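In what follows, chains carry the letters A, B, and so on, assigned in the order in which the sequence lines appear, proteins first and then strands, with residues in each chain numbered from 1. This one's a predicted model, so the numbers in the text were calculated from it and none came from an experiment.
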Amino acid sequence: MSRSILVAIKRVIDFSVHVRVKPDGSGVVTDGVKMSINPFDEIALEEALRIRERGLADEIIAVSVGPADVQQQLRTALAMGADRAVLVQVAEPLEPLVIARLLLALVQRHQPLLVLLGKQAIDDDNTQTGQMLAALWDRPQATFASKLELDGTRARVTREIDAGLETLEVDLPAVITTDLRLNEPRYVRLPEIMKARRKPLDTLTPAELGVADTAAVMRVLEYRTPPTRARGVRVGSAAELVAALEQRGVL
Amino acid sequence: MSAILVVAEHAGGRLNPSTAKCVSCAVAIAAACAPQAAPIDVAVLGAEVAPVTAAAAALGGVRRVLSLERAENAAALAAVWAPQIAALAPEYTHVLGPSTTFGKDLMPRVAALLGVGQVSDLMAVQTPHRFQRPIYASNVLVSVELPAQQRVVATVRTASFQPAPAAGPAPIEARQLQVPLPGHTRFVARSPVNAGRPDLQTAARVVSGGRALASSDNFQLLYRLADALGAAVGASRAAVDAGYVPNDLQVGQTGKIIAPELYIALGISGAIQHLTGIKDARTIVAINKDADAPIFEVADIGLVGDLFQVVPELEQLIRARRASAHS
Ligand SMILES: Cc1cc2nc3c(=O)[nH]c(=O)nc-3n(C[C@H](O)[C@H](O)[C@H](O)COP(=O)(O)OP(=O)(O)OC[C@H]3O[C@@H](n4cnc5c(N)ncnc54)[C@H](O)[C@@H]3O)c2cc1C
Ligand SMILES: Nc1ncnc2c1ncn2[C@@H]1O[C@H](COP(=O)(O)O)[C@@H](O)[C@H]1O
């Protein structure tokens with residue numbers, strides 16, 4: 001086990017974009033749409049940086065699977081403070097299980113202390129990749145983390161669950177996925193963007209990582225816009241609101 | 001032949017209502033398999049599960065309940081539970097868990113052990129291997145199809161299914177699995193169960209507050225209205241981040257997806273990430289002082305006004321109405 005941390009970075013449509021289905025239902029509109037690092041992955045990277053700043057890790061490696069354009073997001077990760085980046089270049093979006101297999105191959109190369117991922121990618125909302133990596137690697141997982149304490153061989157993780165908070169203790173190395181309240185990611189400053197241009201960004205293929213089969217198993221047959229709600233009514237006072245609720249039979 | 005396994009969610013000796021919703025989804029898959037039979041089993045893992053297995057056995061459509069008692073199963077640790085569920089899976093064509101934090105944590109680990117992908121947030125069954133699910137914060141719905149020979153592992157979007165009705169008890173069968181379990185993950189603590197108030201995920205009525213509440217003290221206003229209505233309390237991410245209320249009240253893409261009869265949004269702007277969580281509410285009420293707030297685009301009843309003025313009035317009117325109904 002080295003003292004490195006692997007952080008998985010996915011490029012997604014920015015959270016502020018109102019995503020639209022293409023008229024022919026073959027996908028969503030991506031032309032001219034703002035792309036960003038998945039917000040949860042920014043949080044994962046921020047946490048890794050803080051762990052390094054506390055002297056508990058030496059090297060932060062940002063890794064991503066996607067097309068050549070992902071270099072933009074990896075450069076941002078380097079500007080935030082990652083030491084190096086690895087892009088596993090593929091043309092088509094891959095399924096979480098395949099992403100997990102590729103991440104496992106990177107884990108075997110770098111033998112990290114921790115792998116940090118976002119709890120979910122806000123495009124496909126799958127919430128799968130970290131758990132799948134942990135299973136394939138046969139290591140602990142702590143998902144939806146809102147607090148993380150390390151002591152060299154173990155991590156104590158507070159998780160946001162439906163019933164409130166849960167604390168787990170896991171042996172390292174481990175896979176941790178981040179929730180929103182783990183931290184607030186830092187802003188990137190201009191000098192760091194300049195410096196990031198000189199940091200190493202390696203590109204690999206799945207074949208070079210020994211993952212031969214990356215084909216999708218699930219077929220997406222159709223993309224559609226969900227039905228919109230019928231137009232509502234406006235009321236002018238609390239009394240009118242109560243009357244409207246009575247009329248709808250919900251009181 | 002098809003067969004469906006539902007992984008039960010439970011805590012404190014009580015079956016979580018998410019399980020009855022997963023059983024409903026299983027019933028829909030079984031119906032899609034007709035005329036072929038597709039029996040439904042429920043697996044209950046735990047240290048002592050008798051009350052939970054009994055509750056699961058009472059769900060309509062269930063063929064039998066598998067009781068997997070083992071001291072190591074006391075806490076629902078994904079790393080511990082997943083290999084056991086994977087060991088049961090060969091008997092089944094479909095393995096389902098709820099799309100709650102419990103199921104989201106566990107089921108992908110099961111899928112990876114089985115070497116298959118997972119369908120997350122299954123919201124409708126189209127065929128035994130074709131399902132509808134939401135992506136992009138529910139702004140887009142997709143139909144996904146798996147190869148007919150592939151085992152289906154899925155999490156069920158609980159807001160899309162009604163709980164399975166009660167029926168005559170199904171048999172309970174104890175199983176001993178010789179599966180080695182890891183010791184690398186240990187349960188430490190869990191916040192106490194919040195008793196007294198209706199549960200946000202199953203309540204018929206929910207009153208939610210946003211950043212506009214401006215303090216945890218001001219949330220008392222909202223709690224009083226919720227009490228008058230017998231409602232659960234929810235919140236936007238902004239209100240949780242600001243520390244006005246605990247994280248388990250967050251509604252939305254990254255919080256809870258709920259489907260109450262009545263949802264009242266107070267001082268919530270209506271960001272898409274929040275709206276994801278309330279799309280299936282039957283009646284949405286919005287009170288916001290900004291007439292252009294996006295929440296009004298989805299509200300069935302909108303009131304432009306200052307919540308600090310409207311909410312106490314509303315509480316009074318509802319209490320008065322209840323008092324007159326009782327007299
Ligand atoms: C990755 C990601 C995930 C997210 N997940 C979630 C999620 O799960 N749930 C969620 O809620 N958000 C989520 N968000 C955040 C979301 O984008 C919004 O920032 C958030 O919902 C805003 O909360 P709000 O409506 O309380 O605050 P604001 O947007 O600040 O709105 C406050 C509203 O209160 C009104 N107001 C102010 N004073 C008064 C008054 N006195 N009376 C009446 N009205 C008043 C204002 O007009 C305004 O509309 C997520 C964001 C990201 C990036
Ligand atoms: N293509 C990808 N490249 C790098 N990391 C990814 C990729 N897809 C998913 N991840 C990681 O896995 C997390 C969960 O994604 P998902 O399981 O798709 O919801 C994301 O927040 C990322 O950290």
A:A244 versus chain B, the contacting section by heavy-atom distance below 4.5 Å: both
Of A:E169, A:M132, A:H18, the largest count of non-hydrogen pairs under 4.5 angstrom with chain B goes to A:E169
Measure distances from A:P226 to the heavy atoms of chain B and classify the residue's part below 4.5 Å as side chain, backbone, both or neither. both
A quick test of your reading: do over 12 heavy atoms of other residues, nucleotides or ligands sit less than 6.0 Å from CD of A:E184? no
Gap separating the CZ atom of B:R186 from the CZ atom of A:R154, nearest 0.5 angstrom: 6.5 Å
side-chain contact (heavy atoms from CB on, under 4.5 Å) between A:E166 and B:T101, intermediate numbers included: CA-CA 11 Å; A:E166 179 181 85; B:T101 53; over 6 Å; no
Steps toward side-chain contact (heavy atoms from CB on, under 4.5 Å) verdict (A:R181, B:R237): CA-CA 10 Å; A:R181 280 167 283 273; B:R237 173 190 170 186; 4.0 Å; yes
With only heavy atoms counted, which part of A:Y223 is less than 4.5 Å from chain B, the side chain, the backbone, both or neither? both
Step by step, would you call A:V170 with B:H184 a side-chain contact (heavy atoms from CB on, under 4.5 Å)? CA-CA 6 Å; A:V170 297; B:H184 53 45; over 6 Å; no
Is it the case that atom CZ in A:R234 sees more than 12 heavy atoms from other parts of the structure closer than 6.0 Å? yes
Applying a strict 4.5 Å limit to non-hydrogen atoms, the region of B:A299 in contact with chain A is backbone
Taking side chain as everything from C-beta outward and backbone as N, CA, C, O, which of these in B:D300 sits under 4.5 Å from a heavy atom of chain A? Side chain, backbone, both or neither. both
Might you confirm whether atom CZ of A:R186 has over 12 heavy atoms from other residues, nucleotides or ligands at distances under 6.0 Å? yes
So which part of A:S237 gets closer than 4.5 Å to some heavy atom of chain B, the side chain, the backbone, both or neither? backbone
Residue selection (most heavy-atom pairs with chain B, distance under 4.5 Å) from A:Q131, A:E160, A:R229, A:R139: A:R229
Side-chain contact, heavy-atom cut-off 4.5 Å: A:V242 with B:L314? yes
Is it true that, when you exclude A:Q111 itself, more than 12 heavy atoms of the residues, nucleotides or ligands shown sit nearer than 6.0 Å to its CD? yes
Would B:I287 and A:L241 satisfy side-chain contact (heavy atoms from CB on, under 4.5 Å), going step by step from the backbone distance to the final call? CA-CA 10 Å; B:I287 301 177; A:L241 173 53; 4.0 Å; yes
Is B:L262 close to chain A through its backbone or its side chain, or both, or neither, when contacts mean heavy atoms under 4.5 Å? side chain
Region of B:A271 in contact with chain A, defined by heavy-atom distances below 4.5 Å: neither
Side chain / backbone / both / neither for B:I272 at chain A, heavy atoms under 4.5 Å: side chain
Where on A:L172 is there a heavy atom nearer than 4.5 Å to chain B: the side chain, the backbone, both, or neither? neither
Which bit of A:F15 comes within less than 4.5 Å of chain B, counting heavy atoms only: side chain, backbone, both or neither? both
Under the side chain to side chain contact (heavy atoms under 4.5 Å, CB included) test against B:D105, which residue among A:T143, A:T127, A:T177, A:I161 passes? A:T143
With chain B as the partner, which of A:L180, A:T228, A:V17, A:L133 has the greatest number of non-hydrogen pairs under 4.5 Å? A:L180
Most heavy-atom pairs under 4.5 Å with chain B, out of A:I122, A:V220, A:L97, A:L165, belong to A:L165
Name the region of B:Q250, side chain, backbone, both or neither, that has any atom closer than 4.5 Å to a heavy atom of chain A. side chain
What part of A:A239 is in contact with chain B, defined as an atom under 4.5 angstrom from a non-hydrogen atom: side chain, backbone, both or neither? both
If I measure from the heavy atoms of chain B, does A:E240 come under 4.5 Å with its side chain, its backbone, both, or neither? neither
Given that the side chain runs from C-beta out, which part of B:V285 has a heavy atom under 4.5 Å from chain A: side chain, backbone, both or neither? side chain
Which one wins on heavy-atom pair count under 4.5 Å against chain B: A:E95, A:K119, A:R20? A:K119
Main chain of B:T185, side chain of A:D171: is a donor-acceptor contact present, judged purely on distance under 3.5 Å? no
Pick whichever of A:V21, A:N126, A:D138 has the most heavy-atom pairs under 4.5 Å with chain B. A:N126
